[in-house]
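Everything below concerns the one structure shown next.
Starting from 1, each residue takes its place in the sequence as its number. Predicted model only: the values in this text are computed from it and were never measured.
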Amino acid sequence: MSRLAQTAGLTDIQREILSTVRDFVDKEILPVATELEHRDEYPTAIVEGLRELGLFGLMIPEEYGGLGESLLTYALCVEEIARGWMSVSGIVNTHFIVAYLLKRYGTREQKDTFLPRMAEGEVRGAFSMSEPALGSDVSAITSKGVRDGDAYVLNGQKMWLTNGGTSHLVAVLCRSEEGHPEDAPAHRSMTTFLVEKEPGFGEVRPGLTIPGKIDKMGYKGVDTTELVMDGLRIPADRVLGGTTGRGFYQMMDGVEIGRVNVAARGCGVAQRAFELGVSYAQQRHTFGKPIAQHQAIQFKLAEMATKVEAAHAMMVNAARKKDSGERNDLEAGMAKYLASEYCKEVVEDAFRIHGGYGFSKEYEIERLYREAPMLLIGEGTAEIQKMIIGRRLLEEYRFQG
């Protein structure tokens, strides 16, 4: 492994897992990532390889057939996968947020039904909060779930659903006013529904349509879709945890996992950009010597490496805080904010080092340059992270006058 982004205090098992994942990335992902990305092709063979490695069950408890590993182990694996191709890490992330929600909040029946098959990768998860008319304002959700006998009827349109076409199980956040006063705060009248479906596009079950993939600037290969519910009936026992009105808190907990994941993705992409930049700088010659020997390029490489190290350290800290059972929204927000911003800057510096060749699709840095911006938005923009960080700091440093 490289000298950058090392993590102290890992167990032998963690080191073995990371070594295996890194070998897989070097042999199975990096050689084909750019070609698949240019074709916007779902990485079926790569996903099956991850399934064989047991990665889909990494954080699922052993009693359900998983490996029972920590968030830190998962985040470090995501970092390695994103170093190869960020889209693949997105496929894994949405799956794990749903598995985490089931593990923490699911009823016994829900856990027994889904977690063993999720650990095997037989059932793959996705989660859905956002809608076309809103972004980070979760309280403005308009999709609704209305009780009808022993079922709920769901109506509404969701947006930006990663794994929308390839998933089998979607955790969907909707309003559900049953048992909650009309004037109750919005976040107290939201429920997470577990929606089972067939993979594919079009009407994947009565009342549920997954339109075709959204055409994106980057983050290709993985399917990002809308989700349209029109009279979708699901059994009442598919309310996550069995009780309505808790969906907002459940999803926000899952988002904390997601923010650590996005930070890990930023670390992985930044590390790959540094590798490409430092390698190219030693091959490209100007004025009679490799450009790496020019002080201006050395300064740039020094800044890039420092940012890779700093982002990695904050990501590891956020993961360890969550693993300890402590509240980590401050640390996760800081890690996501810093890692995504630094990733953008490191990728741009690597792009500049490549000069005109960085603009060519033949060079890997061109792909990274289009992928990095997604991290600035996913799991909350920089502005949202700053709001979270600022509020938490005011809680911790309350003025005593």
Side-chain angles (χ1 to χ4, degrees), residues 1-8 25 72 75-87 89-90 93 217-219 255-281 296-322 328-354 358 364-390 392-393:
M1 300 179 73
S2 67
R3 295 184 62 188
L4 285 182
Q6 294 296 293
T7 309
V25 168
L72 175 62
L76 294 175
C77 286
V78 166
E79 183 180 36
E80 293 292 348
I81 294 170
R83 174 182 157 268
W85 185 12
M86 190 181 73
S87 293
S89 67
N93 178 48
M217 175 178 74
Y219 198 42
V255 165
E256 285 185 16
I257 296 288
R259 285 178 179 145
V260 174
N261 173 280
V262 172
R265 287 196 235 179
C267 292
V269 174
Q271 185 174 344
R272 183 59 182 167
F274 174 79
E275 291 172 0
L276 295 172
V278 75
S279 175
Y280 185 82
I297 300 299
Q298 290 180 10
F299 282 3
K300 199 174 291 292
L301 292 172
E303 293 170 358
M304 292 162 67
T306 302
K307 290 173 181 177
V308 169
E309 282 288 325
H312 175 83
M314 292 200 73
M315 179 271 290
V316 168
N317 180 56
R320 282 183 162 149
K321 192 75 176 287
K322 187 75 171 178
N328 86 324
D329 53 341
L330 175 63
E331 291 78 10
M334 285 181 168
K336 190 277 172 184
Y337 167 57
L338 191 79
S340 58
E341 295 292 333
Y342 275 1
C343 175
K344 173 186 70 72
E345 294 170 9
V346 171
V347 168
E348 182 171 335
D349 282 342
F351 176 84
R352 291 173 182 269
I353 288 172
H354 280 75
E364 188 180 342
I365 190 62
E366 182 271 344
R367 169 171 63 84
L368 271 58
Y369 194 76
R370 287 183 290 103
E371 290 178 339
M374 196 285 290
L375 298 172
L376 301 173
I377 302 168
E379 309 297 356
T381 63
E383 289 72 24
I384 290 296
Q385 306 310 318
K386 289 177 184 178
M387 285 175 56
I388 294 169
I389 294 166
R392 286 287 287 113
L393 290 174

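Contact annotation: the side chain of Arg320 approaches that of Thr7 to within less than 4.5 Å [non-hydrogen atoms, C-beta and beyond]. Contact annotation: the side chain of Ile389 approaches that of Leu330 to within less than 4.5 Å [non-hydrogen atoms, C-beta and beyond]. Between Ile81 and Val78, the closest side-chain pair of non-hydrogen atoms is not below 4.5 Å. Using a 4.5 Å heavy-atom threshold, the side chains of Leu276 and Leu368 count as touching.
Taking both residues in full, the closest heavy atoms of Phe274 and Val308 are given as CB-CG2, 4.4 Å, listed atom of the first, atom of the second, then distance. Considering all non-hydrogen atoms of both residues, Val260 and Ala318 come closest at CG2-CB, 4.1 Å. The two residues Val25 and Gly84 have their closest heavy-atom pair at CG1-CA, 3.5 Å. Residues Ala263 and Ala339 share a closest heavy-atom pair of O-CB, 3.5 Å.
Between the CG atom of Leu376 and the CD atom of Gln385 there is a distance of 11.0 Å, given to the nearest 0.5 Å. Once rounded to the nearest 0.5 Å, the distance linking CG of Leu4 with SG of Cys267 reads 11.0 Å. Between atom CD of residue Glu79 and atom NE2 of residue His312 there is a gap of 5.0 Å, rounded to the nearest 0.5 Å. Here Lys322 contributes atom NZ and Asn317 contributes atom CG; the two are 14.0 Å apart, rounded to the nearest 0.5 Å. Here Ile388 contributes atom CD1 and Glu256 contributes atom CD; the two are 8.5 Å apart, rounded to the nearest 0.5 Å. Atom CG of Leu301 is separated from atom OG1 of Thr306 by 10.5 Å, given to the nearest 0.5 angstrom.
Salt-bridge check for Glu275 with Arg272: passed, with a basic side-chain N closer than 4.0 Å to an acidic carboxylate O. With respect to Glu383 and Lys386, no salt bridge is recorded, no charged nitrogen being found less than 4.0 Å from a carboxylate O. Ionic pairing of Glu366 and Arg370 is present here: one or more N-O contacts between side-chain nitrogen and carboxylate oxygen are shorter than 4.0 angstrom.
In this structure a side-chain-to-backbone donor-acceptor pair under 3.5 Å is present from Ser340 to Lys336. Checked by atom type and distance alone, the side chain of Ser89 pairs as donor or acceptor with a backbone atom of Met86 at under 3.5 Å.
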Which side-chain N or O atoms in residues 341-348 pair as donor and acceptor under 3.5 Å with protein atoms at least two apart or in another chain?
from	atom 1	to	atom 2	distance (Å)
Glu345	OE1	Lys307	NZ	2.7
Glu348	OE2	Arg352	NE	3.3
Glu348	OE2	Arg352	NH2	2.9

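By the side chain to side chain contact (heavy atoms under 4.5 Å, CB included) test, Val255 is found to be paired with Met129, Met252, Arg259, Glu379, residues two or more places apart in sequence or in another chain being considered. Applying the side chain to side chain donor-acceptor pair (under 3.5 Å) criterion to Tyr219, with sequence neighbours excluded, gives Arg265.
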